Amino acid sequence: MGVLVFSHEQDVDGIFSAAILKIAFPQSEVFLTNYGLEKMTAAAKTIESKVLEGASTIIIADIGVNEESYMPILRALQYAKEKGCKNIWLDHHLWPDGPRKAIEPICDLVLFSEKNGVKKCASELCTEKFLPDNKLAAQLAAIAHRTDFPDSVKFPIPPLTALISYYLGFPNLRDRLHNVILESVVKGILWDSRMQADVMDASKLIEESIAKSVAAMTSREFLSERYPGGIRLAIAKSESFVNRSILLGRIMDESPVHVAIGFTDDGKVSIRRKDDAPSEIDCSKIALEFKEGGGHAGAAGGFLHAIPEKNGDLAAIAEIVKALESYLSKLN
Ligand SMILES: [Mn+2]
């Protein structure tokens, strides 16, 4: 009977998790989705209708939850369990206690958060759980680890990161996440002529967009007794087809900031911390200052209350400055 896979559409770890699950369950149906109430509500609807059609197993990977967005998925998993489905959720984001306790009784939770400096990405959790002896899965997991944790400087990053964001940024290209990337990765093919052709189309657009974002960037410095040297924040607007890790990484490489926050026209926020920032600065905690926020200490995200395309960029910037102020005041 049918296996349903839900994984994170936005990055290499999410797509590779989906690929590893597809290798483990070749007949499975894969849905790529994202964090937040809107996407979780849509995923819940899909679960409910697929359970009616006879789905037997639901596997969710690389998707974090928060207090504001877990209810629809909780109800859908409850319903699935009542209908005899097996539910499994593998994730490596920080889970708040409330959602974890509510979901635990109806779903096998395979959660991992950083312990003694050991980090695992969702692809590693999927491999350990379902394909511990599969060489391709292990290779994909090692690559995903590298892309999820940029501080592991051992291997080069595959160019897929930029391509995933490019496909996601244009509605007419979105199905290439499935048709071009996922289908190739399942076969162990990480780059082909189609991807190269698309990235050649994309790269000028992406470079121009990054240059525009950097030129229009806003900087702020927060002084306090605890940080007499100041905490420096950069805020940059990003177009939706530009990978935020690449944009914010570029900003952190080129300017002496501790925290870089990107936002999009539709109100998504991405938060990154530079390696030399004070170690107690935790992006996943900063994310809690926003709507539906969550993630990791080094990289996190959420949503603005202001919608820049309606309320203007200044409203977005003001909200981000206030959020960091509020976060830092809690540290003091
Ligand atoms: Mn991940």
Side-chain angles (χ1 to χ4, degrees), residues 5-24 30-36 39-40 43 59-66 69-70 73 88-96 99-100 103 109-115 117-131 137-152 154-155 157-165 167-168 177 181-182 185-186 190 243-246 248-249 262 268-273 282-287 292-302:
V5 167
F6 292 85
S7 191
H8 189 203
E9 66 187 3
Q10 208 168 242
D11 60 23
V12 165
D13 187 33
I15 304 238
F16 281 21
S17 295
I20 290 161
L21 294 167
K22 188 84 185 158
I23 296 166
V30 174
F31 299 89
L32 296 172
T33 181
N34 211 336
Y35 315 121
K39 295 280 187 171
M40 288 291 102
I59 307 175
I60 304 175
D62 201 29
I63 303 272
V65 292
N66 53 52
S69 68
Y70 79 101
I73 208 90
I88 307 161
W89 197 324
L90 310 101
D91 189 41
H92 66 138
H93 299 93
L94 275 173
W95 277 49
R100 187 177 51 76
I103 292 172
L109 287 182
V110 181
L111 301 181
F112 185 91
S113 46
E114 185 175 341
K115 261 184 253 146
V118 178
K119 296 173 182 174
K120 283 184 187 176
C121 63
S123 301
E124 288 171 298
L125 300 179
C126 291
T127 301
E128 284 169 11
K129 170 96 178 155
F130 296 108
L131 293 171
Q139 287 169 339
L140 294 176
I143 297 163
H145 183 101
R146 171 67 183 90
T147 60
D148 252 28
F149 307 114
D151 49 342
S152 56
K154 279 187 221 152
F155 348 83
I157 276 190
L160 281 171
T161 295
L163 190 63
I164 291 168
S165 301
Y167 286 166
L168 268 179
L177 277 183
I181 298 183
L182 188 59
V185 173
V186 165
L190 299 194
N243 181 279
R244 251 94 67 207
S245 295
I246 295 175
L248 298 176
K268 286 198 194 78
V269 186
S270 306
I271 306 154
R272 299 292 183 275
R273 174 189 75 188
D282 182 329
C283 295
S284 69
K285 304 264 164 61
I286 300 174
E292 299 165 39
H296 307 284

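First listed ligand is number 1; within each ligand, the first listed atom is number 1. Please read all numbers here as calculations on a predicted model, not as lab measurements. Just so you know, these numbers use all the heavy atoms, side chains as well, and skip hydrogens, waters and symmetry mates.
Among the heteroatoms counted here (N, O or S) of Asp13, OD2 is the one nearest to the Mn ion (ligand 1). The nearest N/O/S atom of Asp148 to the Mn ion (ligand 1) is OD2. Minimum-distance N/O/S atom of Asp62 relative to the Mn ion (ligand 1): OD1. Looking only at its N/O/S atoms, His92 has NE2 as the one nearest to the Mn ion (ligand 1).
The minimum heavy-atom distance between Ala61 and Ser17, with the atom names listed, is CB-CB, 4.0 Å. Nearest heavy atoms, Gly301 versus Ala287: O-CB, 3.5 Å.
No hydrogens or angles considered: nothing links the side chains of Asp148 and His296 as a donor-acceptor pair under 3.5 Å.
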**Trace of the side-chain contact (heavy atoms from CB on, under 4.5 Å) decision for Val185 with Leu140** = CA-CA 8 Å; Val185 173; Leu140 294 176; 3.7 Å; yes

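Here the side chains of Leu177 and Glu9 are in contact, with some heavy-atom distance below 4.5 Å.
Taking 2.8 Å as the threshold, Asp11 does not count as a candidate ligand of the Mn ion (ligand 1), since none of its N, O or S atoms lies below it.
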